[in-house]
Visitor: 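Below you'll find the structure I mean.
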Amino acid sequence: MKFDVIVKNARIPKGEDTIVTNILVADEKIVGFLPNIEGIEATEVIDAEGHLTIPGCFDSHTHFMDPGFTHRENFLTGTSSAAAGGLTMIMDMPCCSKPSVRGVEELESKLNAIKDKAIIDYAMWGGVTGEDIRAGKKNIIKEQADYGVCAFKVYMTPSVPTYERVTDPEMLEAFRWIAEVGLPVGIHAENFAMCDYHVKKFQLEGRMDGPAWAEARLVEAEQAAIELGINFSEATGARLHIVHMSSGIGAKLVGAAKKRGLHVTSETCPHYLMLNYQDAMTEHGAFAKIAPPLRTKKDNEELWEGLQNGSVDFMATDHAPYEIETEKAAEGMNIWTAFPGIPGVETLVPILVSEGYNKGRLTLTRLVEVLSTSPAKQYGLYPKKGAMLIGSDADFTIIDLEKEWTIDQKKTYSMAKYNPLHGIQLKGKPVKTVVRGKLVYDDKEGIVGKEGYGQFIRRQSIQKLDKTIKF
């Protein structure tokens with residue numbers, strides 16, 4: 001038999017150890033593993049060169065701004081940047097496009113606009129806003145779920161004008177609606193009144209320094225929002241997911257909810273592991289402005305601990321780039337008026353490999369969980385995605401664990417040429433990215449995948465939560 005692809009010399013995980021094998025691919029799926037391929041034919045051979053080869057990595061929280069805001073990013077540049085970062089799959093948010101995705105019609109409009117651009121595969125978040133709740137549009141939940149979205153996003157604080165936040169009673173109603181379809185509801189967990197009060201207070205006091213942004217959107221606002229979300233999850237049975245969680249107290253709250261058997265999960269982002277607000281916002285100002293904001297060094301360490309013990313379930317990026325000249329550093333713009341968001345898809349995997357696995361903070365098993373397996377399970381895509389099993393999609397992230405390099409904000413496939421992680425030295429880098437058996441990125445050649453190769457992947461199933469407590 002002649003196979004479509006052989007990924008040879010792949011060092012794959014086996015428990016906490018690794019073995020070198022050859023992966024056989026046919027019809028875009030994994031069909032076998034062989035220690036010796038002498039006499040075995042394939043149309044294409046991809047040499048992993050003995051590097052660590054893990055199931056394709058998945059960023060489940062991106063804002064690729066397409067269609068509608070493509071002066072910031074588009075699906076070609078966004079997925080190219082993701083591929084260069086070792087990602088084989090992303091899941092895009094419903095808010096940062098025109099129109100925003102709050103129903104099947106808008107979802108199809110977005111899919112039609114991006115279908116010929118993606119380098120890697122992608123899934124979609126569904127949407128619901130305060131406006132939808134007040135209008136009684138409960139039907140949009142089931143319609144989007146039936147179409148194959150993987151979760152629903154609600155904002156407790158304002159996002160973009162076309163995607164209104166929810167008030168507390170509106171959020172409770174959203175939880176009730178979404179609980180009926182069994183999908184996670186992801187909340188941007190910041191208490192609006194607390195943030196709004198302190199932002200206005202600091203502005204009146206004349207605070208214009210970078211750290212003022214983080215101090216105004218205080219950690220207690222995230223804590224209060226997470227506590228409310230847990231309350232609503234317990235009351236309705238909805239699956240609560242805390243997106244881009246920034247604080248150590250957040251990890252502790254999620255961990256305690258898990259111990260009580262509640263349907264609560266969380267993600268954090270590389271910048272919340274690596275940067276503290278005082279240093280980063282003093283140095284980078286608006287280029288380190290995000291929401292929720294950066295926190296303290298103590299929060300950095302407590303979030304690493306959360307990744308270790310399972311109170312933080314997996315990683316994402318909240319990739320949300322803005323145009324420097326008009327939205328980050330326009331004439332007259334200050335820390336309050338600059339747009340909050342940073343890029344991230346190109347540095348997610350490298351940071352977790354370098355600062356997590358290579359420095360002993362994460363075991364190999366946990367590295368694979370937080371980058372691949374856990375988000376795929378959370379969003380109903382496993383074992384099609386996030387697995388290295390017979391029948392799974394042939395998605396692989398091939399990593400040179402010894403490669404030393406420095407993050408350079410100008411050398412990126414994203415349109416956003418800024419990054420508060422700029423200058424950080426890392427050890428470990430994705431060198432090949434394979435999507436359904438096709439090489440889409442090679443560290444020596446750059447992007448080699450074709451526009452439009454990436455496919456829209458619908459949710460496969462409603463996954464049951466793994467309530468195993470690790471701590």
Visitor: Is a side-chain N or O of Asn74 found less than 3.5 angstrom from the main chain of Leu76, in a donor-acceptor match?
Guide: yes
Visitor: Donor-acceptor check, side chain of Glu73 to backbone of Met415, threshold 3.5 angstrom: yes or no?
Guide: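 Judged by distance alone, yes, a pair lies under 3.5 Å.
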Visitor: Whether the side chain of Thr433 engages the backbone of Thr88 through a donor-acceptor N/O pair (distance < 3.5 Å, no angle test) should be reported.
Guide: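 Between the backbone of Thr88 and the side chain of Thr433 there is no qualifying donor-acceptor contact (under 3.5 Å).
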Visitor: Test: ring-ring contact (aromatic ring centres under 6.0 Å, His included). Region: residues 398-435. Which pairs qualify, not counting sequence neighbours?
Guide: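 Pairs touching residues 398-435 that pass the test: Phe287-Tyr418.
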Visitor: Which pair of non-hydrogen atoms, one from Ile30 and one from Ala394, has the smallest distance, and what is that distance?
Guide: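 Heavy atoms of Ile30 and Ala394 come nearest at CG1-CA, 3.9 Å.
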Visitor: Anything under 30° is parallel, anything over 60° is perpendicular, the rest tilted; go ahead and classify Tyr379 against His241.
Guide: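 It falls in the perpendicular class, over 60°.
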Visitor: Judged by atom type as modelled, is there a donor-acceptor pair below 3.5 Å linking the side chain of Asn358 to the main-chain atoms of Lys427?
Guide: yes
Visitor: Look at the side chain of Arg11 and the backbone N and O of Gly50, then say whether any donor-acceptor pair between them is shorter than 3.5 Å.
Guide: yes
Visitor: Would you say the side-chain atoms of Arg295 and Ser247 include a donor-acceptor pair closer than 3.5 Å?
Guide: no
Visitor: Report the C-alpha distance between Asp393 and Lys29 in whole Å, list the side-chain angles of each, state the deciding distance to 0.1 Å, and finish with yes or no for salt bridge (charged side-chain N to carboxylate O under 4.0 Å, His left out).
Guide: CA-CA 4 Å; Asp393 281 359; Lys29 307 286 186 185; 2.6 Å; yes
Visitor: Have Thr265 and Gln378 got a donor and an acceptor in their side chains that come within less than 3.5 Å?
Guide: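 On atom types as modelled, these side chains qualify, holding a pair under 3.5 Å.
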Visitor: Testing the basics here: between Leu303 and Met245, what is the closest heavy-atom pair and its distance to 0.1 Å?
Guide: CD1-O, 4.1 Å
Visitor: Verify the distance criterion only: is there a donor paired with an acceptor across the side chains of Asp4 and Thr43 at less than 3.5 Å?
Guide: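 Not at all, the side chains of Asp4 and Thr43 share no donor-acceptor pair under 3.5 Å.
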Visitor: May I ask you to decide if Trp213's main-chain N or O and Glu215's side chain share a donor-acceptor pair within less than 3.5 Å?
Guide: no
Visitor: Hey, could you give me each pair passing side-chain hydrogen bond (donor to acceptor under 3.5 Å, both in side chains) that has a residue in residues 333-352? Not counting sequence neighbours.
Guide: Ser81-Glu346, Asn334-Thr337, Glu346-Thr412
Visitor: Salt bridge (charged side-chain N to carboxylate O under 4.0 Å, His left out) for Glu301 and Arg361? Distances and angles first, verdict last.
Guide: CA-CA 10 Å; Glu301 290 307 313; Arg361 287 186 172 112; 3.6 Å; yes
Visitor: Measure the acute angle between the ring planes of His244 and His188, then classify it against the limits of 30° and 60° as parallel, tilted or perpendicular.
Guide: perpendicular
Visitor: Quick check: does any side chain N or O of Asn9 sit under 3.5 Å from a backbone N or O of Thr21, one acting as donor and the other as acceptor?
Guide: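 Absent.
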Visitor: Hey, what do you get for NZ (Lys328) to CD (Glu323), rounding to the nearest 0.5 Å?
Guide: 12.5 Å
Visitor: Using atom types as modelled and distance alone, determine if a side-chain donor or acceptor of Ser392 lies under 3.5 Å from a backbone N or O of Pro383.
Guide: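 Yes, because the side chain of Ser392 sits within donor-acceptor range (under 3.5 Å) of the backbone of Pro383.
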Visitor: Hey, would you say the Tyr122 and Phe64 ring centroids sit under 6.0 Å apart?
Guide: no
Visitor: Check the pair Lys258 / Asp313 against salt bridge (charged side-chain N to carboxylate O under 4.0 Å, His left out), numbers first and verdict last.
Guide: CA-CA 11 Å; Lys258 287 176 180 287; Asp313 292 83; 2.8 Å; yes
Visitor: With distance as the sole test, does Asp400 use its side chain to make a donor-acceptor pair with the main-chain N or O of Lys429 at under 3.5 Å?
Guide: no
Visitor: Sequence neighbours excluded, which residues qualify as salt bridge (Lys or Arg N to Asp or Glu O under 4.0 Å) partners of Lys289?
Guide: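 With neighbours one apart ignored, the set is empty.
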Visitor: Test your reading of the model: is there a side-chain donor-acceptor pair from Gln278 to the backbone of Pro211, 3.5 Å cut-off?
Guide: no
